[in-house]
Amino acid sequence: MNYVSTRGGMAPQAFSDILLEGLAPDGGLAVPQELPRIDAATLESWRGLAYADLAFEVLSRFASDIPPEDLRRLTHAAYRPASFKSAEIVPVKPIDGAMALLGLSEGPTLAFKDMAMQFLGQVFEYVLGKRGATLNILGATSGDTGSAAEYALRGKKGVAVFMLSPYGRMSAFQRAQMYSLQDENIHNIAVHGVFDQAQDIVKALAGDLDFKRRMRLGAVNSINWARIAAQVVYYFWGWLRATSGPGQQVSFTVPSGNFGNILSGHIARGMGLPVRRLVLATNENNVLEEFFRTGIYSPRGPEQTYATSSPSMDISRASNFERFIYDLVGRDGHRVKALWAEMARTGRFDLTAERSRLESEFGFVAGESSHEDRLGTIRTLFESRGLLIDPHTADGVKVAARFVEPGIPMLVLETALPAKFSETIQQAIGRPAPVPADLAGLESLPQRVEVMDCDAKLVRDFLEKHAKL
Ligand SMILES: *Cc1c(COP(=O)(O)O)cnc(C)c1O
């Protein structure tokens, strides 16, 4: 299995080679040269597997350059019950009728990003060890991604994390989650500024190619193919739990932002998993909903990107979307390149001619949910079933309801636990969300954070002093 670029300008490379890279050299994203196919008999033979073994089966199709016995060790280290609140790793929780939640938020930071990050932490350490190399992850976070990365990479050999966050602008719970980590390879840097300014510092330092090379800088952003591949596993898992025999179809609803999570569903479907519909749910930031409704992709500027109560879906452009468009245009890198050039020129591209294929060929439909929908959905589920869900998952449940069909299970991906977004929970049901027992004392633990002015020079000096070289 080799990987090429969505823009057609990269010689085929192995999984371990694209693992540590960001964008392909031609500005595109790495994709498998061709998708592995899983036939019905193989799929049936996977019914009894534990999550870590299923992860091995799926990931061995993508990471074919890692010896099987090593890969199995990595998936077992990533998906061990001690790191997750559920022994099953991903529990399925019935809502009512055909609808159920796929519980992806049982990991250390209570959000689905742990599912991919836990594997990424293992495979980074493994590949760096093999190559005798080191890597310094530099990133900025307003909450979720940064903490998932820190929990996945804490204590790992050969890698350090430098995570910038906006001082005083995260919730007390989020701060405690990140800053209470005492591992020597985790560096929290709180800057006096907003998230965008922190992000600008990261861009400036990573854009200085000499500094980047010298400091061995890397990233763990959502375009990383290993993250997409690790997420494919839980679509297989969900299908196996929701069906009893070959050929039965399941629909999935995915609360979406950067199009990473649902892209993994698209890949699973492309591998032969019997997926009927992939329902994309957005909040008020509906760039993607608009595309699947109209065929026009028109990313927004910062002034039209709203801060909502499902903040992890507040995106203006969807970084993984290019991988789907590549498939939509028949895996034609020149066409993708032309579309992105058109977008750079005009701010949008128009694929209205392909609109009907989005559903008929790829199973995609989409819907949008608002703040009021979110609150109403959280309240209704809590009052009628005693089930408490987070605001992102609520966007999913709200949109999923429109697309439920008789006889077809509808799995809504639970992308976070309510304890992470307690303010909105309070607003919806009049009281805060319960904090999981093992995290009850989190906010009183000692914290370790470097506070500095919002100045690239200071961050640069800090890296010079603390990077693993
Ligand atoms: C990241 C995130 C999303 C969006 O996922 P994408 O892969 O960016 O589409 C949704 N909900 C939560 C809670 C998240 O952390």
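Here the structure is a predicted model, which means the values were calculated and not measured. Note that ligands are numbered from 1 as they come in the structure, with each ligand's atoms numbered from 1 the same way. These values consider heavy atoms only, across backbone and side chains, with no hydrogens, waters or symmetry-generated copies.
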Chemist: Are Glu359 and Arg277 close enough for a salt bridge, meaning some N to O gap below 4.0 Å?
Modeler: yes
Chemist: Between the protein and ligand 1, which nitrogen or oxygen pairs come in under 3.5 Å, and how far apart is each?
Modeler:
from	atom 1	to	atom 2	distance (Å)
ligand 1	7 (O)	Gly260	N	3.2
ligand 1	7 (O)	Asn261	N	2.9
ligand 1	8 (O)	Asn258	N	2.7
ligand 1	9 (O)	Gly257	N	2.7
ligand 1	9 (O)	Asn258	N	3.2
ligand 1	9 (O)	Phe259	N	3.1
ligand 1	11 (N)	Thr415	OG1	3.0
ligand 1	15 (O)	Lys113	NZ	2.5
ligand 1	15 (O)	Asp144	OD2	3.0

Chemist: Tell me whether the centres of the aromatic rings in Trp340 and Phe349 are closer together than 6.0 Å.
Modeler: yes
Chemist: Tell me, please, which residues at least two apart from Phe321 pass ring-ring contact (aromatic ring centres under 6.0 Å, His included).
Modeler: Phe259, Phe291, Tyr297
Chemist: Can you check side chain to side chain donor-acceptor pair (under 3.5 Å) on Asn258 and Asn320, steps first, answer last?
Modeler: CA-CA 6 Å; Asn258 270 319; Asn320 267 295; over 6 Å; no
Chemist: Test of understanding: with side chain to side chain donor-acceptor pair (under 3.5 Å), list the residues that count as partners of Ser360, not counting sequence neighbours.
Modeler: none
Chemist: In chain order, what residues pass the ring-ring contact (aromatic ring centres under 6.0 Å, His included) check against Tyr126, with sequence neighbours excluded?
Modeler: none
